[in-house]
Colleague: 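Right, I'll just put the structure down here and ask away after.
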2 protein chains.
Amino acid sequence: MLTTGLEDYLELIYKAILNNKNLKAIDIANEFNISRSSVSEALIRLADLDLVIYEGRKGIKITEKGIIEAEKILNKHNILLKFFNQVLKIDYQTANKNACKIEHVIDDCVLEKIKNFSEFCIESNLVKGESGD
Amino acid sequence: MLTTGLEDYLELIYKAILNNKNLKAIDIANEFNISRSSVSEALIRLADLDLVIYEGRKGIKITEKGIIEAEKILNKHNILLKFFNQVLKIDYQTANKNACKIEHVIDDCVLEKIKNFSEFCIESNLVKGESGD
DNA sequence: TAACATTGTTAGGCTTCCCTTACTAAATCT
DNA sequence: AGATTTAGTAAGGGAAGCCTAACAATGTTA
């Protein structure tokens, strides 16, 4: 089981790759407000776990195993984001921030219920109008 | 800001006091599956923060400040528990377990929305029948 | 190309939160 | 009361995850 921090970093790496962005270690440091040396450590740990391939300045690549892990996390994130933003009408920033924290601790079965409930609410027009921006 | 662990311990202490139970350090150790010595440390830290008064075998008392903190946490817990159990129909055990984890990371404004939404769902009979468990 | 800026690594350190082992003090049993 | 069990403390240790400072390597620019 990955720690919260490692999950966050892996998620960011995966999103960057999806968007064809060339993510550097320093971008991770900036995103999470941690030092470059902490990112170094974290990338080494992710590489040890066979989730990424890290070769310093040459860039950060993700492994098959890493993709599977990252997709799980991203999926959790998106279910929570949708619920917060579209059902509860919480502004995007706050919705995103809370999704980021909760995705690391919530059980899959609860997430499943939230997902179904969100879909039900949206499809039945129970919630309508603007999502919280 | 309290850590997850300290919040958990304080919450348990407060609940015990509400129920007139004489909670001992070893009960905390058992509840959270940590060692007696770790509980010792934690109680010293809670006492340093002026949240409890700890005098070894004489028992654990809670301060005014501790009560305020504990009530905040318990309130969060109960909002989440209600939503999971009564709205999402998740079994009590699982609902409780997830509330325990999420209560430490969720923002107040999100909780407020969840609370209102839960009440709306329950009052409008949108959710009915058995709560999960 | 020389100087400067950026990026990454290394080394050493700190705090939190957990552990085990050994000891002390209190409570309980016979 | 004496022996045993239970509860708590003390000392020492370890992993995670962060830090700063110093250094190395690469890029950029004048």
Side-chain angles (χ1 to χ4, degrees), chain A residues 1-13 15-17 20-62 66 69-70 73 97 100-105, chain B residues 1-13 15-17 20-62 66 69-70 73 97 100-105:
Chain A
M1 179 59 173
L2 286 173
T3 63
T4 293
L6 292 188
E7 282 192 357
D8 280 335
Y9 311 151
L10 184 63
E11 191 180 352
L12 185 70
I13 291 164
K15 281 195 280 191
I17 287 168
N20 285 310
K21 266 186 216 144
N22 185 19
L23 192 79
K24 286 173 292 180
I26 199 172
D27 300 323
I28 301 175
N30 291 334
E31 182 70 24
F32 296 105
N33 271 302
I34 60 173
S35 70
R36 281 171 295 149
S37 57
S38 296
V39 175
S40 262
E41 275 178 32
L43 288 172
I44 288 166
R45 220 153 355 109
L46 285 174
D48 280 348
L49 293 167
D50 194 32
L51 296 169
V52 305
I53 295 160
Y54 183 51
E55 295 163 303
R57 282 157 201 272
K58 278 200 240 167
I60 305 165
K61 284 172 206 139
I62 196 162
E69 269 313 305
I73 301 162
K97 190 180 100 192
C100 267
K101 292 186 290 184
I102 296 171
E103 72 195 28
H104 305 295
V105 299
Chain B
M1 180 58 174
L2 286 172
T3 63
T4 294
L6 292 188
E7 283 192 357
D8 280 336
Y9 310 152
L10 184 63
E11 191 179 353
L12 185 70
I13 291 164
K15 282 195 279 190
I17 287 169
N20 285 311
K21 265 186 217 145
N22 184 18
L23 192 79
K24 285 174 292 181
I26 201 172
D27 300 323
I28 300 175
N30 291 335
E31 181 69 25
F32 296 105
N33 272 301
I34 59 173
S35 70
R36 282 170 296 150
S37 56
S38 296
V39 176
S40 263
E41 277 179 33
L43 288 171
I44 288 166
R45 218 151 357 108
L46 285 173
D48 280 348
L49 293 168
D50 193 31
L51 297 169
V52 304
I53 295 160
Y54 182 50
E55 296 164 302
R57 280 158 203 272
K58 279 200 239 165
I60 305 165
K61 285 172 204 136
I62 195 162
E69 267 315 303
I73 301 162
K97 190 179 100 193
C100 268
K101 291 185 290 183
I102 295 171
E103 70 195 27
H104 305 295
V105 299

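The structure displayed is predicted, hence computed values, not measured ones. Residue numbers begin at 1 in each chain, while the letters A, B, ... track the order of the sequences.
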Colleague: When you measure from the side chain of A/Lys61 to the backbone of A/Ile53, do you find a donor-acceptor pair of N or O atoms at a distance under 3.5 Å?
Modeller: no
Colleague: Considering all heavy atoms of both residues, which atom of B/Ala25 and which atom of B/Leu43 are nearest to each other, and what is their separation?
Modeller: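 Smallest interatomic distance, heavy atoms only, reads CB-CD1, 3.9 Å.
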Colleague: Establish whether the base of C/dC18 is bridged to the side chain of B/Glu41 by a donor-acceptor pair shorter than 3.5 Å.
Modeller: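 Looking at the base of C/dC18, it does pair with a donor or acceptor on the side chain of B/Glu41 (distance under 3.5 Å).
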Colleague: According to a strict under-4.0 Å criterion, is A/Tyr9 in side-chain N/O contact with OP1 or OP2 of D/dG17?
Modeller: no
Colleague: Starting from C1' on C/dC17, measure out to CG on B/Leu2 and report it in whole angstrom.
Modeller: 15 Å
Colleague: Output the rounded distance in Å from CZ (B/Arg45) to P (D/dT9).
Modeller: 14 Å
Colleague: Could you give the CD1-to-C1' distance, from B/Ile34 to C/dT20, as a whole number of Å?
Modeller: 14 Å
Colleague: Could you give the NZ-to-P distance, from A/Lys24 to C/dT6, as a whole number of Å?
Modeller: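 Taking NZ of A/Lys24 and P of C/dT6, I get 11 Å after rounding.
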Colleague: Do the side chain of A/Ser40 and the base of C/dT10 come within less than 3.5 angstrom through a donor-acceptor pair of N or O atoms?
Modeller: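 A donor-acceptor contact between them is absent.
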Colleague: Heavy atoms from C-beta onward define the side chain here; which of D/dT9, C/dG8, D/dT20 lies closest to that of A/Ser37?
Modeller: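 Ranking D/dT9, C/dG8, D/dT20 by closest atom to the A/Ser37 side chain puts D/dT20 first.
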Colleague: I need the CD1-P distance between A/Ile44 and D/dC18, as an integer number of Å.
Modeller: 14 Å
Colleague: When you measure from the side chain of B/Thr3, which nucleotide among C/dA26, C/dT20, C/dC17 comes out closest?
Modeller: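 Nearest to the side chain of B/Thr3 among the choices is C/dC17.
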Colleague: Where the side chain of B/Arg57 is defined as all heavy atoms beyond and including C-beta, which of D/dG8, D/dG12, D/dG17 is the nearest nucleotide?
Modeller: D/dG8
Colleague: Which whole-number value in Å describes the distance from B/Ile28 CD1 to D/dT9 P?
Modeller: 11 Å
Colleague: By nearest heavy atom, map A/Arg36 and A/Leu6 onto DNA chain D; which one lands nearer the 5' end?
Modeller: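 On the 5' side of the pair lies A/Leu6.
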Colleague: Take atom CD of A/Glu55 and atom C1' of D/dA25, then tell me their distance rounded to the nearest Å.
Modeller: 16 Å
Colleague: Touch check for A/Asn33, heavy atoms < 4.0 angstrom, all strands: base, sugar-phosphate only, or nothing?
Modeller: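 Sugar-phosphate: the residue A/Asn33, judged by heavy atoms under 4.0 Å, touches backbone atoms but no base.
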Colleague: How is B/Phe32 classified with respect to the nucleic acid when contacts are heavy atoms under 4.0 Å: base, sugar-phosphate, or nothing?
Modeller: nothing
Colleague: Between C/dT9 and A/Tyr54, is there an OP1 or OP2 to side-chain N/O distance shorter than 4.0 Å?
Modeller: yes
Colleague: Can you tell me the distance, in whole Å, between the CD1 atom of B/Ile26 and the C1' atom of C/dT24?
Modeller: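 B/Ile26 atom CD1 is separated from C/dT24 atom C1' by 15 Å.
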Colleague: Mark yes or no for a side-chain to base donor-acceptor pair under 3.5 Å between B/Ser35 and C/dT20, with no hydrogen or angle criteria applied.
Modeller: no
Colleague: Hey, could you give me the NE2/CD1 distance between A/His104 and A/Ile73, rounded to the nearest 0.5 Å?
Modeller: 7.5 Å
Colleague: Between B/Leu12 and B/Phe32, does a side chain to side chain contact (heavy atoms under 4.5 Å, CB included) hold up when you go through it step by step?
Modeller: CA-CA 10 Å; B/Leu12 185 70; B/Phe32 296 105; 3.8 Å; yes
Colleague: Testing the 3.5 Å rule here: is there a donor-acceptor pair between the side chains of A/Ser35 and A/Ser38?
Modeller: yes
